[in-house]
Chemist: 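A single structure is presented below for examination.
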Amino acid sequence: MFQSDRAQVGPECAASLGLVMSPLPSPSASETPLRVRFAPSPTGFFHVGGARTALYNWLLAKRLGGTFILRIEDTDAERNREEWVQGIHDALAWIGIGPGLGVDYEVYRQSEFEVDHVRAAHQLLGARRAYYCACTREQLDTRNEAAGRKQGGYDGHCREKGLAVAPAYVVRFKVPRPGVTVVNDVIRGEPAFDHANVDDFVLLRGNGTPMFLLANVVDDMSMGVTLVIRAEEHLTNTPKQQLLWQALDAPYLPTWAHVPVLVNEKRQKLSKRRDPVAMEMYRDEGYLPEAMKNYLMLLGWSPGNDAEIMEWSLVESLFSLDEVNSSPAFFDVKKLRAFNADYIRALPQAEFVERWHEWLAAHPQPWEYRADQFGDIAPFVQLRAEVLGDIPAVVDFLFGDVTPSDADWDKAMKPPADAILTSVIDSYDACSWDIDVLKAELEHIGDTHGLKLGKIQAPVRLAITGKLVGPPLFESLHVLGRERAVGRLKAARARL
RNA sequence: GGCCCCAUCGUCUAGUGGCCUAGGACACCACCCUCUCAAGGUGGCGGCACGGGUUCGAAUCCCGUUGGGGCUGCCA
């Protein structure tokens with residue numbers, strides 16, 4: 001529930017202190033239908049932080065019967081690519097966010113509303129809440145340096161000049177001075193921003209196109225967004241945007257919710273460049289979407305009672321925005337992997353096989369797959385795969401050639417490997433091809449060499465599977481079949 | 001530099017003044033089980049950043065310090 005008692009006091013409390021320029025009431029959940037939006041820009045792979053933010057929005061809309069708006073913010077023509085747009089839809093669908101899933105779902109492209117953004121800028125110009133500015137970056141830097149302003153923002157040089165429109169002039173918002181803006185944030189409380197620290201920011205570029213701050217607000221207003229849930233990196237943009245809502249004569253102000261960012265091991269915001277954050281990559285490695293969703297939700301939120309691995313339906317019934325933590329969380333792939341292994345093990349066997357087949361279809365392997373043989377050892381594979389992508393290495397001995405590494409070979413094929421293999425070949429050539437018999441035979445051979453099963457199985461396992469670790473040996477032999485098994489044993493002995 | 005946000009085991013967290021000699025999970029270590037590897041079981045290691053207050057009593061409230069992060073674009 002985003003509507004805590006605190007959510008109501010923001011503007012009122014600030015007004016009583018004479019701080020806010022023109023306080024407007026926040027919409028009350030009881031009277032105004034909840035409308036949230038997720039507004040990604042298609043400038044790269046869709047990443048885990050975005051997925052988490054989308055999940056928060058989705059969960060809220062689902063819980064409170066609200067509307068989920070997906071707005072693709074594709075106004076940066078330079079960096080946008082159509083494939084990234086598709087990537088967003090695909091990734092969201094993968095984690096269960098999309099149309100027809102029990103939540104009112106609206107999709108927009110921000111580029112379609114550019115005329116509205118420009119019109120809004122002109123409305124502000126007409127109301128003298130914005131002005132044309134002729135300053136170039138260089139001029140500004142020069143002035144800031146001369147004035148000894150350490151890290152200079154805009155100095156208001158053209159603010160009172162009343163410049164008329166001219167090519168290359170930008171339009172800046174006239175931040176009310178003096179003043180303080182208090183934002184009503186479900187997670188942060190009521191951060192106050194002194195306008196002395198808020199520059200007159202750019203609304204329209206020199207080429208006339210709208211900037212993010214403006215476009216974002218105009219769209220949120222026209223789409224009737226009531227609750228803005230986004231990453232904390234936007235917190236300092238909020239006073240500017242709230243000022244815009246007010247200057248544009250919005251009938252209400254949205255409630256904000258700035259969720260903590262996800263960080264890497266160095267505790268820096270996850271970056272698409274350096275960190276493994278692409279949802280697509282996790283899907284390719286064979287993570288289950290339910291594990292990913294579960295893990296992502298637990299980063300910054302907990303249902304209490306020490307619960308971690310849980311049904312998504314439980315998350316849906318328990319999630320509450322004001323329980324979201326306010327500190328950054330480390331995206332720990334190791335724990336994600338552990339979650340995924342848990343989810344894989346919990347799958348009914350038939351579904352496990354089905355999921356594997358789906359993954360396999362998307363990731364062709366260099367061997368001829370046989371579903372019947374896989375089915376025979378599926379239970380053992382299921383226990384050993386942390387991600388679906390682990391499976392090929394566990395079962396490839398059934399479908400392709402075995403190629404042991406030199407290190408493994410040297411370790412397993414020490415004397416009396418030759419004698420052992422010879423005995424095993426003789427035995428397995430003739431004995432009944434039964435799991436228990438195969439085991440008893442090898443145990444018997446071990447006895448003659450004074451070796452326990454644990455020791456004597458090594459050369460056999462390596463000859464059969466090409467590896468020193470893997471599913472139980474006798475089950476593997478059984479599935480492989482006598483002909484291929486004995487053939488591999490002979491090939492190994494020949495190589496000694 | 002300025003502004004803003006944040007602060008419980010290595011990590012994710014439970015905890016909303018007494019139930020806390022701080023609980024769980026991941027990771028790590030040991031042991032058990034065992035045909036290898038897993039899985040499973042048992043146990044262990046390990047934390048309230050620091051300093052002041054408030055209070056009979058503070059991980060929990062307040063202030064400060066320190067540390068970390070975000071923002072500071074004619075990107076979004």
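Below, chain A is the first sequence line, B the second, and so on; all start at residue 1. Just so it is clear, the structure is predicted and the values come from calculations on it, not from any experiment.
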Chemist: By the 4.0 Å heavy-atom rule, please label A:P472 as base, sugar-phosphate, or nothing.
Modeler: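 Base, at least one base atom sits under 4.0 Å.
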Chemist: Would you check if the distance from the ring center of A:F399 to the ring center of A:F374 is below 6.0 Å?
Modeler: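 No; A:F374 has its ring centre 6.0 Å or more from that of A:F399.
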Chemist: Can you tell me the distance, in whole Å, between the CD atom of A:E308 and the C1' atom of B:U11?
Modeler: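 My rounded result for the distance is 11 Å.
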Chemist: For B:C35, take OP1 and OP2 only and decide whether either is under 4.0 Å from a side-chain N or O of A:K439.
Modeler: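 For B:C35, OP1 or OP2 has a side-chain N or O of A:K439 closer than 4.0 Å.
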Chemist: Just call it for A:H258: base, sugar-phosphate, or nothing, with non-hydrogen atoms closer than 4.0 Å on any strand.
Modeler: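 Nothing: the residue A:H258, judged by heavy atoms under 4.0 Å, touches no strand.
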Chemist: Mind checking if A:E475 touches a base, just sugar-phosphate, or nothing, with heavy atoms under 4.0 Å?
Modeler: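 Result for A:E475 = base.
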Chemist: Where do A:G153 and A:D199 come nearest, in terms of heavy atoms and distance?
Modeler: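 Between these two residues, the closest heavy atoms are CA-OD2, 3.1 Å.
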Chemist: Is A:R205 near enough to B:G73 that one of its side-chain N or O atoms lies under 4.0 angstrom from OP1 or OP2?
Modeler: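 False: A:R205 side-chain N/O out of range (4.0 Å or more) of B:G73 OP1/OP2.
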Chemist: Give A:L473 one of three labels, base, sugar-phosphate or nothing, depending on what nucleic acid heavy atoms sit under 4.0 Å from its own.
Modeler: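 Counting heavy atoms under 4.0 Å across all strands, the contact made by A:L473 includes a base.
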Chemist: Can you tell me how far P of B:C74 sits from CZ of A:R172, to the nearest Å?
Modeler: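 It works out to 6 Å between those atoms.
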Chemist: Tell me, yes or no, whether the heavy-atom count around A:E323 atom CD, taken from other residues, nucleotides or ligands under 6.0 Å, exceeds 12.
Modeler: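 Atom CD in A:E323 is crowded, with more than 12 foreign heavy atoms closer than 6.0 Å.
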Chemist: Rounding to an integer number of angstrom, what distance separates B:G1 and B:U16 when you compare their P atoms?
Modeler: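 These two P atoms come out 38 Å apart once rounded.
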Chemist: Quick check: are there more than 12 heavy atoms from other residues, nucleotides or ligands sitting under 6.0 Å from NZ of A:K411?
Modeler: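 Incorrect, the count does not exceed 12.
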Chemist: Using whole Å, what does the distance between atom C1' of nucleotide B:G24 and atom NZ of A:K335 come to?
Modeler: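 So the NZ-C1' distance, A:K335 to B:G24, works out to 8 Å.
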Chemist: Contact class for A:G300 vs. all strands (heavy atom < 4.0 Å): base, sugar-phosphate, or nothing?
Modeler: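 Answer is sugar-phosphate: A:G300 comes under 4.0 Å of backbone atoms only.
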Chemist: Take the protein atom CD1 of A:I377 and the nucleotide atom P of B:A38, then report the distance between them rounded to whole Å.
Modeler: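 To the nearest whole Å, that distance equals 17 Å.
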Chemist: Please report the distance, rounded to the nearest Å, between CZ in A:F173 and C1' in B:G73.
Modeler: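 Taking CZ of A:F173 and C1' of B:G73, I get 18 Å after rounding.
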Chemist: Under 4.0 Å, counting only non-hydrogen atoms across every strand here, what does A:F474 touch: a base, just sugar-phosphate, or nothing?
Modeler: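 Answer is base: heavy atoms of A:F474 come under 4.0 Å of a base.
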Chemist: Which part of the nucleic acid does A:P471 contact within heavy-atom distance under 4.0 Å: base, sugar-phosphate only, or nothing?
Modeler: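 A:P471: base contact, heavy atoms under 4.0 Å.
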Chemist: Give the minimum heavy-atom separation between A:Y295 and A:F330, together with the two atoms involved.
Modeler: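 Scanning both residues, the minimum pair turns out to be OH-O, 3.7 Å.
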Chemist: Rounded to whole Å, how long is the line connecting atom CG of A:L298 with atom C1' of B:C26?
Modeler: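 The distance from CG of A:L298 to C1' of B:C26 comes to 11 Å, rounded to the nearest Å.
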Chemist: Looking at A:S327, does any N or O in its side chain come under 4.0 Å of the phosphate oxygens OP1/OP2 on B:G68?
Modeler: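 It does not, given that no N or O in the side chain of A:S327 lies less than 4.0 Å from OP1 or OP2 of B:G68.
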Chemist: Using atom P of each nucleotide, how far apart are B:U65 and B:A25 to the nearest Å?
Modeler: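 That atom pair is separated by 39 Å.
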Chemist: Confirm from the modelled atom types if A:E232 and B:G70 form a donor-acceptor pair under 3.5 Å, side chain to base only.
Modeler: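 Answer no: no donor N or O sits under 3.5 Å from an acceptor.
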Chemist: Need to verify one output field. Residue with the more 5' nearest nucleotide on RNA chain B, A:D306 or A:K266?
Modeler: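 The answer here is A:D306.
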Chemist: Under 4.0 Å between a side-chain N or O of A:K334 and OP1 or OP2 of B:C28?
Modeler: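 False: A:K334 side-chain N/O out of range (4.0 Å or more) of B:C28 OP1/OP2.
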Chemist: In this structure, how many angstroms lie between the P atom of B:G73 and the CZ atom of A:R79, rounded?
Modeler: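 After rounding, the reported distance stands at 16 Å.
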